[in-house]
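Sequential numbering from 1 along the given sequence is applied to the chain's residues. Indexing begins at 1, ligand by ligand and atom by atom, following the structure's order.
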Amino acid sequence: MRSHEIAMGQNLSQNRPAVVIGGNRIPFARANGAYVGASNQDMMTAALDGLVARFGLQGQRIGAVASGAVLKHSRDFNLTREVVLGSALSPQTPAYDVQMACATGLETIGSLADKIKSGQIESGIGGGVDTVSDAPIAVSDDLRNVLLAAGRARSLKDRLAAFAKLRPRDLAPSAPGTDEPRTGLSMGEHQALTTQRWEITREAQDELAAASHQNLAAAYDRHFFDDLITPYRGLAKDNNMRADSTVAKLSKLKPAFGKSLGDQASMTAGNSTPLTDGASAVLLGSEEFAAEHDLPMLANFVDYELAAVDFVSGEEGLLMAPAYAVPRMLARQGLTLQDFDFYEIHEAFAGTVLSTLKAWEDPEFCKDKLGLDAPLGSIDRSKLNVNGSSLAAGHPFAATGGRIVATLAKMLHEKGSGRGLISVCAAGGQGIVAILEAR
Ligand SMILES: CC(=O)SCCNC(=O)CCNC(=O)[C@H](O)C(C)(C)COP(=O)(O)OP(=O)(O)OC[C@H]1O[C@@H](n2cnc3c(N)ncnc32)[C@H](O)[C@@H]1OP(=O)(O)O
């Protein structure tokens, strides 16, 4: 009998490996394009079912499935459970949502890895989804109060009295944006300040963006994504990708953020992630689960760490939390920043990646902010986002963590040795980082 359940008497405090078996995503699509009409549920189910089909898990009960969406309709109170019920997995598979903005996908995978390491579950699927094209539009507080009062009314007279309180301006809808609620600044505007603080040039940002497109296109050309992506709604590739992207072309774009900085404004539509729709899913398991199901073991999910910064007071940049999380994780693992064969640093904006790298090289920042005797130092840039990242692929907020883990696990498996570092910044001044090791 195949059992995904914990064996009787198994030691729950064990620290066995959590193995990345493989991942699947749908191609990422620029918002308000190819995936208009698809909901979070539709897209996440497509990513999950693609994964289930790839690894022959139809009808199987998985230990837990976790995902989430940053932009979520109120009807999707447990989106992931609805996705599981609509998928080919056994309906006896427990499922839950996580909400940590752009850190969501990696947090689901990290928390499932912990459950596997402790012996609580044998298998787990993590990931995430987002669609800007199907963003929830909320009604105003006043309209909501009227609707709630009308719903409670016991007579037609009371209902009409509730509606009589409505004023035309109450009918204005409220659409979600990328503004931080506590500062009113968009993530792009926040990053523009950080980009200026770290004196990141326009050229350096455009170089990173061009490399992201070229690396992603090269990865498609060598069929790297053939077993990582399931075509969806007529798309076979991320449609934000521009294989012909060059610094010269990018240098012509007008600033999109930091306009108050005048000549200093350097962030454009080309070196910022586009608003994107998409979904991803990653299968994790114990070694026993993988062996029992004859599944590949690509990489161990070694460790992960969270950090948060005080961006509200202006003490730190909104998207700088990974700069703090990485040294804590390195210290725990007895590693240095240079002990990695690959670096997967989420390209929220080119300026985010470059500010983070510069902070790690800066003696003052490393001493004063990170409490280190010496700077973390530089990384070998030829190991950074070698198969493209969010600037080219796009960034459907909660889906990015799954894209990165699946990509890095495959890269490590192809290499056959070594380890990779993941760094993902998130709204709310949070960040999540992780280490994967080849098997
Ligand atoms: C934790 C985190 O991850 S934080 C990040 C969260 N994400 C965000 O905040 C999203 C940020 N991005 C955005 O808000 C939007 O994409 C913006 C504001 C930057 C740009 O929006 P838009 O102006 O609608 O972008 P659009 O796609 O039209 O591009 C503008 C122009 O740049 C051009 N362009 C964009 N990318 C490229 C490129 N790589 N190469 C050449 N040209 C490009 C477009 O073709 C377009 O040109 P056109 O005006 O001649 O048609």
Taking salt bridge (Lys or Arg N to Asp or Glu O under 4.0 Å) as the cut-off, I'd like each qualifying pair that reaches into residues 341-361, sequence neighbours left out, listed once. D341-K415
What pairs of residues pass the salt bridge (Lys or Arg N to Asp or Glu O under 4.0 Å) test when at least one of them lies in residues 191-211, not counting sequence neighbours? R202-D206
To the nearest 0.5 angstrom, please state how far the OG atom of S123 sits from the CD1 atom of I21.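 The distance works out to 7.5 Å.
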Go through the structure and list residues passing ring pair (Phe, Tyr, Trp, His ring centres under 6.0 Å) with Y343, not counting sequence neighbours. F340
What orientation do F225 and Y220 show, parallel under 30°, tilted 30 to 60°, or perpendicular over 60°?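 Tilted.
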With ring centroids as reference points, do Y324 and F365 lie under 6.0 angstrom apart?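 Y324 vs F365: aromatic centres under 6.0 Å.
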What does the 4.0 Å heavy-atom contact list look like for ligand 1?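 Contacting ligand 1 under 4.0 Å are R30, C102, T178, M187, H213, R242, S245, L250, L253, F257, A269, G270, T273, P274, L275, L319, H346, A348, F349, H395, F397, C425, A426.
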